[in-house]
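If you're wondering where the values come from, they're calculated on a predicted model, not measured in any experiment. Numbers restart at 1 for each chain; the letters A, B, ... are given by sequence-line order, proteins then strands.
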Number of protein chains: 2
Amino acid sequence: MDKTFHTPCLGESCGDCGFRSTLFNCLSSEQLEKLSKSKDLIKAKKGETIIRQGEKIKDFIFLRIGLAKLTRISSDGKEQLVGIARPKDFIGLLSLFSSSTHQYSIIAIEDSEYCVVNFETINKLIQENGKLAYSLLQKISLVSDLLLGTKLDIDNRQLRGRIAFILSLFSKDIYESTKFNLPISRKEIGELIDMRVENVVRILSEFRKDKIISIEGTTIEILQPDKLEWIKNHG
Amino acid sequence: MDKTFHTPCLGESCGDCGFRSTLFNCLSSEQLEKLSKSKDLIKAKKGETIIRQGEKIKDFIFLRIGLAKLTRISSDGKEQLVGIARPKDFIGLLSLFSSSTHQYSIIAIEDSEYCVVNFETINKLIQENGKLAYSLLQKISLVSDLLLGTKLDIDNRQLRGRIAFILSLFSKDIYESTKFNLPISRKEIGELIDMRVENVVRILSEFRKDKIISIEGTTIEILQPDKLEWIKNHG
DNA sequence: TATCAATATTGATAAATATCAATGGATAAA
DNA sequence: TTTATCCATTGATATTTATCAATATTGATA
């Protein structure tokens, strides 16, 4: 977090924040006031670590803008990519209530902004406000379901299906466009869907030769979404 | 749930239940009273379905006694075993707050007893009682972390390591004994750790030949825990 | 008991995936 | 600029895993 720098939040109060509607909707004016005072808005450039696995949990983190990867050091010491998270995924909630230290690292893979709120402040708000607690329960359920579901889906597929799955995910869920810049390296794609770099490259090339996608360096365009979808489901 | 039958709870009130200490500790006498009145204790024999994927969520489920498997129908229509759950795992909390239908089936793999509490009752209690909400947040975090963590651990290993992992899990985490009855079939083990039945059998036989385990039908005894641990971590 | 279906087991073979090796490119550091 | 490092790519090969086939074995049921 060395190179990050603090700036005042764009909105004067957390009530103006886009997250209000989804999470802080239920707070009273006084509660919003309290929240607004205890928060910081922080920017992280691509590549910077937002949360490091093993650190003591002191704050809530909300990714406001950007894209981040969730990683962990696996039991055999290798880095494992657990998932990709957008702002609305509330990835910062993971294992927040079940551990005193962060179980995963969160690393920006695009220039990002995130909000940091003192953990104790939120804890007190939960005690006072049942609706906030309920809202948090929903968010935690959602992010956990998403991550586990994605892992289970990937396990069912072999390599071509996995590559198609991940391309579809970036195209449909994250960038909502058939043309996008891959925010992670081939090696990281491999870590995410459990395969070797060489095979990631090989299958991407294969898709290129079959004119299903086009590749220009880090930019990918999906030329035949139907075919890709078919491979994702049957390949 | 056809063959299940209702009986009064063993304790007169939920305050006497073993779960009190971990979840309902924070409730007032009146709240416990309310809870006790709205619950049912249900028995499920081995093989019976407790919750079916896709059903509307009407109740909270707490596994009190026994063992259950968590399954889902994967995108390609096959049954997939997501995890094994003991009472303290609070598996019934999964996706309870993020969906109106159950995302997973829960099936007893040993004779079990579980408590059923009306969902709305708990919802109201959450609104009134911030500590209950906090406690639920912890439980949900724990069960999600456990499932995802297990899946990530398994992904790192090849077949021998996976079998060793699952044997170690049954021995250490579930039965706390080096000798135990496997509660699931070879096929289900395969579904759980993503491999084919034939290979499950083959590797179990291999371990038997190497005198790491002994197999008598469904009973397994771990003869060399150290060797099994080594395979789990390096095999 | 006899019968049927599901599970368990083993071997042979095919297919999928990982590993090893070599090279070019890009980028950052000296 | 040179050097070093990491990433991307491709081919050849080895290893792992899945598939196919055949046969027990078990368990439930009529």
Return the minimal non-hydrogen interatomic distance between [X] and [Y], and the atom names on each side.
{"X": "R157(A)", "Y": "G161(A)", "result": "CD-O, 3.6 Å"}
{"X": "I140(A)", "Y": "F97(A)", "result": "CD1-CD1, 3.5 Å"}
{"X": "Q53(A)", "Y": "S105(A)", "result": "N-OG, 2.8 Å"}

Could you tell me the separation between the [atom1] atom of [X] and the [atom2] atom of [N], rounded to a whole number of Å?
{"X": "N156(A)", "N": "dT17(D)", "atom1": "CG", "atom2": "P", "result": "18 Å"}
{"X": "L159(A)", "N": "dT17(D)", "atom1": "CG", "atom2": "P", "result": "13 Å"}
{"X": "R162(B)", "N": "dA18(D)", "atom1": "CZ", "atom2": "C1'", "result": "13 Å"}
{"X": "E206(A)", "N": "dT9(D)", "atom1": "CD", "atom2": "C1'", "result": "14 Å"}

Using the C1' atoms of the five pairs at each end, what is the angle between the end axes of the helix from dT1(C)-dA30(D) to dA30(C)-dT1(D), to 10°?
40°
So does E229(A) pair up with K232(A), basic N to acidic O under 4.0 Å?
yes
Residue met sooner reading DNA chain C from 5', once K209(B) and I184(B) are mapped to nucleotides:
I184(B)
Can you work out whether R202(B) or M195(A) has the more 5'-proximal nearest nucleotide on DNA chain C?
R202(B)
Chain B contact limits on DNA chain C, taken 5' to 3' with a cut-off of 4.0 angstrom to heavy atoms
dA8(C) to dA12(C)
Checking side-chain polar atoms at under 3.5 Å, does Q103(B) have a donor or acceptor matched by the opposite partner on D145(A)?
no
Verify the distance criterion only: is there a donor paired with an acceptor across the side chains of N181(A) and T219(A) at less than 3.5 Å?
yes
Got a donor-acceptor contact below 3.5 angstrom from the R86(A) side chain to the D173(A) backbone?
yes
Per nearest nucleotide of DNA chain D, the residue lying toward the 5' end, G217(A) or D194(B), is G217(A)
Shortest side-chain distance from E198(A), nucleotide among dA8(D), dT10(D), dT17(D)
dT10(D)
List the steps, then state whether salt bridge (charged side-chain N to carboxylate O under 4.0 Å, His left out) holds for K187(B) with E191(B).
CA-CA 6 Å; K187(B) 182 155 155 285; E191(B) 285 170 18; 3.8 Å; yes
Would you indicate, yes or no, if dT16(D) has its OP1 or OP2 atom less than 4.0 angstrom from a side-chain nitrogen or oxygen of N199(B)?
no
With under 30° as parallel and over 60° as perpendicular, where do the rings of Y175(A) and F180(A) fit, or are they tilted in between?
parallel
